[in-house]
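Single-structure report; data block below.
Residue numbers count from 1 along this sequence.
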Amino acid sequence: MTLATQPPDAALAESMHDMGARARAASRTLGLMSAADRTRGLTAIAAAVRAAAPEILAANAGDMAAATAKGLAPSMLDRLALDAGRIEAIAAGVEVIAALPDPLGRELARWTRPNGLDIARVAVPLGVIGIIYESRPNVTADAGALCLRSGNAAILRGGSESLRSSRALAGAMRAALKQEGLPEDAVQLVDTADRDAVGHMLTGLGGAIDVIVPRGGRSLVARVQAEARVPVIGHLEGLCHTYIHAGADPEKAVAIAVNAKMRRTGVCGSTETLLVDTGVTPALLQTIAAALEEAGCELRGDGRARAVLPHIAPATEKDWSTEYLAPILSIAIVDGLEGALAHIARWSSGHTDAIVTEDTAAAEAFLARVDSAIVLHNASTQFADGGEFGFGAEIGIATGRIHARGPVGAEQLTTYKYAVRGTGQVRP
């Protein structure tokens, strides 16, 4: 049964529309505040998150216990888990966002027409942003902080598994905003596990929401893209590839392959397919495979890969289109750069793909011809992260082509308007 045919819950509908109205009012107030005001609010949020660490950890323990009992996958448990180090990283990330240049008021272009009109294109907030995400409580702080930096109000709907943790984080953030005289409704958490709340957000809450950002698995993103009545900044799954070119440095090839897969297997920048050039020696492939297996990775391969690594499981066509989010990696042998490009063009989700080589011409061809949001040369796909790009954090990795692409940070959460200055001109 689709959302359109489900009986409406009047109380939930009223609550969600009230949230939208308060977010719209908060966004207007933010628009009148200075960059220094928003910076002060972000600094206070970082301090509040640190101060609330015991309460946040206690809430997360409740989420973890429930998720474990529910049988949540290890990759999802890893995303859900918080500890003192991760809470400190959240607070530090907010401080990095606070220190970013203000993205608002930037003059993107300026020119003068023959009639004397002075026209400027100026960065402004998007308005109210709805963020729908799964399991990762850190997104509550990251998204809220990025929206505040860019002058937007945020309506946050996390997964039911992380509701206790997100509630604790959002509470600390709202208290900090109120303390500093900023509108606390600039950050609002949908405080219910009722899935109908998502449906209400997708309607736009009577025009209150300007854009929706989904951050989660294929089913969540597909639902949002199919049912949203407002623009969507899409984040598809990370079917990421690392290509070991014939000109790869062996030490770099081993280090990058292991890190790209095994640093954290549950993140969207984790490599899911290793492409190995026919020009790579069997000995190097064996060394890479041994290092991956020693790190705890299960390997699967096509026929040519299994000719070199007969002990690994055969890869099926489904493997090339699977985001494992687990210590599993598929290996395909490809015929040179063209073979790698063809495989990526067919199977990549347009998220992140990398080449390892000392051949500059091959690297530049790869960077130019792979049509993904992020393409790397001699670097791990795990760098697909807003923090690593200097954005402080990200709301997600946009894999579409409209408005934003790649890590969505504060600058990507702006649009623009035209400021036209005249001296009395009238149009003939």
Ion pair present between [X] and [Y], side-chain N to carboxylate O less than 4.0 angstrom?
{"X": "R405", "Y": "D371", "value": "yes"}
{"X": "D78", "Y": "R86", "value": "yes"}
{"X": "D210", "Y": "R24", "value": "yes"}
{"X": "E338", "Y": "R369", "value": "yes"}
{"X": "D118", "Y": "R113", "value": "no"}
{"X": "R164", "Y": "E55", "value": "no"}
{"X": "E107", "Y": "R121", "value": "no"}
{"X": "D142", "Y": "R136", "value": "no"}

Atom [atom1] of [X] and atom [atom2] of [Y]: how far apart are they, to the nearest 0.5 Å?
{"X": "H377", "Y": "I256", "atom1": "NE2", "atom2": "CD1", "value": "8.0 Å"}
{"X": "I155", "Y": "I209", "atom1": "CD1", "atom2": "CD1", "value": "4.5 Å"}
{"X": "T265", "Y": "Q382", "atom1": "OG1", "atom2": "CD", "value": "8.5 Å"}
{"X": "S270", "Y": "E323", "atom1": "OG", "atom2": "CD", "value": "8.5 Å"}
{"X": "L205", "Y": "H17", "atom1": "CG", "atom2": "NE2", "value": "5.5 Å"}

Just by distance, do the side chain of [X] and the backbone of [Y] share a donor-acceptor pair under 3.5 Å?
{"X": "S15", "Y": "A11", "value": "no"}
{"X": "S166", "Y": "L163", "value": "no"}
{"X": "D353", "Y": "V370", "value": "no"}
{"X": "R263", "Y": "S380", "value": "no"}
{"X": "E272", "Y": "Y324", "value": "yes"}
{"X": "D196", "Y": "G199", "value": "no"}
{"X": "T357", "Y": "D359", "value": "yes"}
{"X": "Q425", "Y": "T423", "value": "yes"}

Side chains of [X] and [Y]: do they bring a donor and an acceptor to under 3.5 Å?
{"X": "Q188", "Y": "R22", "result": "yes"}
{"X": "S150", "Y": "T414", "result": "no"}
{"X": "T381", "Y": "T271", "result": "yes"}
{"X": "S162", "Y": "Y133", "result": "no"}

### Task
Report the C-alpha distance between W320 and H343 in whole Å, list the side-chain angles of each, state the deciding distance to 0.1 Å, and finish with yes or no for ring-ring contact (aromatic ring centres under 6.0 Å, His included).
CA-CA 9 Å; W320 312 125; H343 186 105; 5.3 Å; yes
So which atom in [X] and which in [Y] form the shortest heavy-atom distance, rounded to 0.1 Å?
{"X": "I212", "Y": "V224", "result": "CG2-CG1, 3.7 Å"}
{"X": "T399", "Y": "H351", "result": "CG2-CA, 3.9 Å"}
{"X": "W347", "Y": "L239", "result": "O-CD1, 3.5 Å"}
{"X": "R421", "Y": "A120", "result": "NH1-CB, 4.2 Å"}

#### Entry: Worked verdict on Y243 versus H241 for ring-ring contact (aromatic ring centres under 6.0 Å, His included)
CA-CA 6 Å; Y243 168 44; H241 299 76; over 10 Å; no
### Non-neighbouring partners of E364 that pass side chain to side chain donor-acceptor pair (under 3.5 Å), sequence neighbours left out
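E364 satisfies side chain to side chain donor-acceptor pair (under 3.5 Å) with no other residue.
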